[in-house]
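Please see the structure below; I have some questions.
Treat the numbers as computed from the prediction; the structure is a model and nothing was measured. Note that these values count all heavy atoms, side chains included, but never hydrogens, waters or copies made by symmetry. Within every chain, numbering begins at 1; the chains are lettered A, B, ... in the order of the sequence lines, protein sequences first and strands thereafter.
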2 protein chains.
Amino acid sequence: MESLSTKERILKEALNLFSVKGYEGVSVAQIASAVGIKPPSLYKHFQSKQEIFEAILKEMTARYRRQAAVMEMNGLDARDDKGLFMEISEVQLIEMGKSLFRYFLHDAYMSKFRRMLALGQYHDPALSNLYIKQFVDEPLAYQGMIFGLLIQGGVLLPEPPQIMALHFYAPIFLLLTLCDCHPEREIEAIEMVEQHIRQFNRLYQRNESSR
Amino acid sequence: MESLSTKERILKEALNLFSVKGYEGVSVAQIASAVGIKPPSLYKHFQSKQEIFEAILKEMTARYRRQAAVMEMNGLDARDDKGLFMEISEVQLIEMGKSLFRYFLHDAYMSKFRRMLALGQYHDPALSNLYIKQFVDEPLAYQGMIFGLLIQGGVLLPEPPQIMALHFYAPIFLLLTLCDCHPEREIEAIEMVEQHIRQFNRLYQRNESSR
DNA sequence: GTCTATAAGAAGATAGAC
DNA sequence: GTCTATCTTCTTATAGAC
């Protein structure tokens, strides 16, 4: 139950390489070497380098969908657990942001996938769509919905929730990009995520009267 | 005074290609073809493909430095024109954000340079540093300074200016990334920049008493 | 399924005529 | 400074033995 099939190991090592050097920057010989086999053996598992790439894309998309439910802001479904969100605290809000940040940055697959999408946009235009959908549009839409509920519940100021989501998520997105380039600044970045959310909370909860 | 030297045309066309397809994705034959010459002729102007790349990097860095003074938030130097900033209005704030957005997105060199840095990070680690410096650290530092002055002047709420700068700039950064991938969403993005800044202004100027 | 050997082509770069 | 012709190396991919 520990061992991966050769096919799976090829996908794993190829993703490792693509996420660091980009599709064009990696040769099939490098992938084979990382797996511990010779290049011709790769072609018993995949018909081409492109097919390896597409298999990664397919698997990561499936993985994202599977984890989406778990994700949904750390197991909270905004529609079903309306009551839960109505009582959201600053601590919960901070935890929501930090866990989102850590998931995108450290989840073994998600972090590599995000880098591969960012680096591989020129190779396959479909990557741009996927990148923006998963790391911009979907987070903003989901958080916008949550903030909409929190406004209805009188927890937050009655400001447009889409922009509120932008204010919440964009700093996290920027700090993720920072950590991708400079992993050594992660501690600083996490500290900023926390300060950001505290300040966000002070701004949007400032009028406590309606609660 | 209109015509560019062959050397300059090589740099121009190479940047065009690198910014779209990445360093590894572009061959010297493609660069030569774009210029209208044959590959061997390139080598009379540059010793290698890598040297072309480095020349672009050098010229763009110089260009950025030259324009930095002009840039500084649309000609305003925060230190010298303290008084000017003390009287900043919402309209000015919006114009500051929009012009920053448009400059990064549309300036013929800046936009290509930004894309080249984003795509080429794996090829040359120095690009990561430059990218983060120019498009994360410097904008945040500069805007943090401005907001610090505006807080001193009693225009804005007394919140940490670094996080305030993050709140101001991160949405612009995210929307730039969006437009890089999906140019057709630029109108939507500019609209969001404006809404974002209006909302930013409402949040941070909410206490008008101290002015 | 893995290997060795090898094909077929594209890449970066050079030699030397004009 | 541009060209044609060529070199070398690397790349993706296949053939066929084991």
Side-chain angles (χ1 to χ4, degrees), chain A residues 1-59 116 119-127, chain B residues 1-59 112 115-116 119-127:
Chain A
M1 78 193 288
E2 171 73 26
S3 63
L4 294 168
S5 73
T6 304
K7 193 162 185 169
E8 289 167 330
R9 280 192 299 143
I10 291 168
L11 292 178
K12 183 188 160 194
E13 298 299 341
L15 175 59
N16 278 340
L17 290 163
F18 288 156
S19 69
V20 173
K21 297 153 78 74
Y23 179 84
E24 322 272 359
V26 176
S27 69
V28 291
Q30 287 174 296
I31 300 171
S33 170
V35 175
I37 58 178
K38 300 292 177 183
S41 305
L42 279 181
Y43 290 87
K44 297 291 178 183
H45 301 276
F46 298 95
Q47 286 193 341
S48 67
K49 182 185 174 186
Q50 179 66 23
E51 201 185 87
I52 296 173
F53 181 79
E54 284 162 10
I56 291 172
L57 211 59
K58 193 176 169 187
E59 200 212 308
M116 194 183 81
L119 287 179
Q121 286 172 35
Y122 60 86
H123 170 250
D124 183 351
L127 292 195
Chain B
M1 79 195 285
E2 172 74 24
S3 63
L4 295 167
S5 73
T6 304
K7 193 162 185 169
E8 288 167 331
R9 280 192 299 143
I10 292 168
L11 292 178
K12 183 188 160 196
E13 298 299 340
L15 175 59
N16 279 339
L17 289 163
F18 288 156
S19 69
V20 174
K21 297 153 80 73
Y23 180 84
E24 323 273 358
V26 176
S27 69
V28 292
Q30 287 174 300
I31 299 170
S33 170
V35 175
I37 57 177
K38 300 292 177 184
S41 305
L42 280 180
Y43 290 87
K44 298 291 178 181
H45 301 277
F46 298 95
Q47 287 192 340
S48 67
K49 182 184 174 186
Q50 179 66 24
E51 200 184 87
I52 296 174
F53 181 79
E54 283 162 10
I56 292 172
L57 210 60
K58 194 176 168 187
E59 200 212 307
K112 286 168 194 161
R115 280 190 63 89
M116 194 184 81
L119 288 178
Q121 286 172 36
Y122 60 87
H123 170 249
D124 183 350
L127 291 197

Of the options B:Asn16, B:Leu11, B:Val26, which is the one that meets B:Ile31 in a side-chain contact (heavy atoms from CB on, under 4.5 Å)?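 Exactly one candidate clears the test, B:Val26.
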To the nearest Å, give me how far apart NZ (A:Lys38) and C1' (D:dT12) are.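 After rounding, the gap between these two atoms is 17 Å.
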Are A:Ser41 and C:dC3 close enough that a side-chain N or O sits under 4.0 Å from OP1 or OP2?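 So the side-chain polar atoms of A:Ser41 do come within 4.0 Å of the phosphate oxygens OP1 or OP2 of C:dC3, strictly under.
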In whole Å, I'd like the distance from the CD1 atom of B:Ile31 to the P atom of D:dT2.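 Atom-to-atom, B:Ile31 to D:dT2, this comes out as 15 Å.
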Generate the contact string for nucleotides 5-18 of chain C. Rules: B means base contact, S means sugar-phosphate contact only, - means no protein heavy atom under 4.0 Å. B-----SSBBB---
Less than 4.5 Å apart, any side-chain heavy atom of B:Leu57 and any of B:Met116?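 Side chain of B:Leu57 against side chain of B:Met116, heavy atoms only: contact under 4.5 Å found.
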Whole angstrom value for the distance that separates P of C:dT2 from CZ of A:Phe46: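 These atoms are roughly 12 Å apart.
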On the nucleotide C:dT2, are OP1 or OP2 found under 4.0 Å from the side-chain N or O atoms that A:Thr6 carries?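 True: A:Thr6 side-chain N/O within range (under 4.0 Å) of C:dT2 OP1/OP2.
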Hey, could you give me the CD/CG distance between B:Glu59 and B:Leu15, rounded to the nearest 0.5 Å?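 Reported value, rounded in 0.5 Å steps: 8.5 Å.
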Just how far is it from atom CZ of A:Phe46 to atom CD of A:Glu54, taken to the nearest 0.5 Å?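 Separation between the atoms: 11.0 Å.
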Check the distance between D:dT11's C1' and A:Lys21's NZ and give it to me in whole angstrom.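 Nearest whole value for this atom pair: 14 Å.
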Keeping the roles fixed (side chain from A:Glu51, backbone from A:Gln47), state whether a donor-acceptor pair exists under 3.5 Å.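 Yes; judged by distance alone, with no hydrogens or angles, the pair exists.
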Say you draw a straight line from NZ of B:Lys58 to CD1 of B:Ile56; how long is it, rounded to the nearest 0.5 Å?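 One finds 13.5 Å between NZ of B:Lys58 and CD1 of B:Ile56.
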Would you say that B:His45 contacts B:Ile52 through its side chain, given a criterion of any heavy-atom pair below 4.5 Å between the two side chains?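 With C-beta onward as the side chain, the pair stays apart.
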At a heavy-atom distance below 4.0 Å, what parts of residues 7-19 of chain A sit against DNA chain D?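 Correct list: empty, so none.
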Tell me every residue that passes ring pair (Phe, Tyr, Trp, His ring centres under 6.0 Å) with A:His123, counting only those two or more places apart in sequence or in another chain.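 Here the qualifying residues are A:Tyr23, A:Phe53.
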